[in-house]
Amino acid sequence: MQQVFLESHNIKNQFNGFGQFNYHLIKGLHHANITDFKMTLHAKDTSALQTEFGNYFNYKTYRSLSRHPLFRIRKKYDVWHSLNQNIKIEPYHKIPYVLTVHDVNFISEVSSDLKHKTNKRFIDKLNRSSVITYISEFAKASTHQYFDVPKVPEYVIHNGNPITDILDTSQTEIKLVTKRPYLFFIGGLTKRKNVHTLVQMLEHLPDFDLVLAGDSSDEYAKTTLANAITKTNTKHRVHVLGKLNPLEKQLYFQHCTAFVFPSLLEGFGIPPIEAMRFGKPVFLSNLTSLPEIGGDKAFYWDNFDAKDMATVFEKGMHQFETNKPEYTEAYIKRASSFNWDTAAQQYADVYRSLL
């Protein structure tokens, strides 16, 4: 039987976007019940995957040495899928190769010099590719903007929504950090997420608290974000949480007044569609992929002046409350249109095109 190798070792960290992509795509491929080819998962902890998925997949244990050319994986698979553009692990042989591009943010965050090692590695991956998939139209357009993309088949396959079933949180002993109405953000507390602007906006919205969930280890959280809280005197209304488990995350989505996401750089942006699954109004920056993902019922900030952001929020909430059934239905419908099982079937068809 023909073999498809999924370079999926980023599944190890499911609290970030790459880890989520790896896990949910693999889960979708499992649901697809594929019988015409066999897939191999590449991961550090293969035992956990085998416990969940059994013998449906083959498994290969990740070792860091395989990042180096001399120690690349020698088995000649029929198709190799590099599940994100940053992976250093490549096949030893020249074989059919699928590259998934999530974003090219490294052009602005690392270096715009195409001779920089990060960009050179990405260019090598592009040139190795037999097929390129993108997680958004924005990711495709920005790749073409900065790089000479080879003339190979290209597909945009949107990510799915990780939240399909709403959990019953009515009996949980978990307590919300505030009893006041709150705005909710979830994601890494980093410069690109731009969450300090939410704190500045909050100063003009005295009736609300702000709950920020996600990894707060980045220096940005300790400096820019912390300084914003101090300078705006919102200390008792801003609640910085760590990483949330699935039940905690759903609890905060279910009870928030609105979801807020002023990100500067997103290849896709899963949290907004997670919020939509609960029928919550979403307020997003109008940058990069977010208008593509949020659609015409989301509300957008076109600048990050605190007063302007507050005005957009107040007008948006009035519009939402005035037409709540319409907006709620539209949000839930849009959230369901992003489906991992559908995405997995599309990736499987890409593999078949190369077999």
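Please read all numbers here as calculations on a predicted model, not as lab measurements.
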Whether Asp124 and Arg121 form a salt bridge (side-chain N of Lys/Arg under 4.0 Å from carboxylate O of Asp/Glu) is what I want to check. no

Evaluate the side-chain proximity of Leu225 to Leu212: yes if any heavy-atom separation is below 4.5 Å, no if none is. yes

Lys297 NZ/CZ over Tyr327 ring centroid, <6.0 Å and within 45° of normal: yes

Can the ring centroids of Phe106 and His116 be said to lie less than 6.0 angstrom from one another? no

Just jot down the ring-ring contact (aromatic ring centres under 6.0 Å, His included) partners of His196, sequence neighbours excluded, or say none. Tyr220

Kindly state whether the ring of Phe299 and the ring of Phe320 have centres lying under 6.0 angstrom apart. no

How are the rings of Phe53 and Tyr23 set to each other: parallel, tilted or perpendicular (split at 30° and 60°)? tilted

Classify the side-chain pair Ser111/Asp113 by whether it contains a donor and acceptor separated by less than 3.5 Å. no

Just by distance, with hydrogens left out, do Glu292 and His158 show a side-chain donor and acceptor under 3.5 Å apart? yes

Parallel under 30°, tilted from 30 to 60°, perpendicular over 60°: which one fits the rings of His24 and Trp340? parallel

Can you hop from Ile26 to Tyr77 via hydrophobic side chains spaced under 4.5 Å? no

Residue pair Val282 / Met276: nearest heavy atoms and the distance that separates them: CG2-CE, 3.6 Å

Before giving the answer on side chain to side chain contact (heavy atoms under 4.5 Å, CB included), spell out for Leu210 and Leu183 the whole-Å C-alpha distance, their side-chain angles and the decisive distance to 0.1 Å. CA-CA 5 Å; Leu210 174 64; Leu183 314 182; 4.1 Å; yes

Work out which heavy atom in Val211 is nearest to a heavy atom in Val177; give both atom names and the distance. CG2-CG2, 4.0 Å

Could you check if a side-chain atom of Thr322 sits within less than 4.5 angstrom of a side-chain atom of Gln319, using non-hydrogen atoms only? no

Which pair of heavy atoms, one from Phe283 and one from Val312, lies closest together, and at what distance? CE2-O, 3.7 Å

I'd like to know if Phe147 and Leu265 are part of one continuous hydrophobic network [Ile/Leu/Val/Met/Phe/Trp/Tyr, side-chain heavy atoms within less than 4.5 Å]. no

Atom CZ of Arg180 with >12 non-hydrogen neighbours under 6.0 angstrom: yes

Same apolar cluster: Leu167 and Leu241, side chain cutoff 4.5 Å: yes

How are the rings of His30 and Tyr56 set relative to one another: parallel (under 30°), tilted (30 to 60°) or perpendicular (over 60°)? perpendicular

How are the rings of His42 and Tyr62 set relative to one another: parallel (under 30°), tilted (30 to 60°) or perpendicular (over 60°)? perpendicular

Test side chain to side chain contact (heavy atoms under 4.5 Å, CB included) on Phe253 and Ile166; report intermediate values, then the result. CA-CA 10 Å; Phe253 272 128; Ile166 295 180; over 6 Å; no

Same cluster (ILVMFWY, side-chain, under 4.5 Å), Ile332 and Ile163: no

Between Lys125 and Glu90, does any side-chain N to carboxylate O distance fall below 4.0 Å? yes

Do you reckon Met39 sits in the same ILVMFWY cluster as Leu99, going by side-chain contacts under 4.5 Å, direct or chained? no

Can you name the nearest heavy-atom pair linking Ser82 to Tyr97, along with the distance? CB-OH, 3.3 Å

Phe268/Phe338 aromatic ring centres below 6.0 Å: yes

Go through the steps for Lys193 and Glu266 under the test salt bridge (Lys or Arg N to Asp or Glu O under 4.0 Å), then give the verdict. CA-CA 9 Å; Lys193 299 301 184 184; Glu266 291 294 329; 2.4 Å; yes

Interatomic distance, CD1@Ile34 vs OH@Tyr347, rounded to 0.5 Å, equals 13.5 Å

Ignoring hydrogens, what is the shortest heavy-atom contact between Ser285 and Pro262? Give both atom names and the distance. CB-C, 3.9 Å

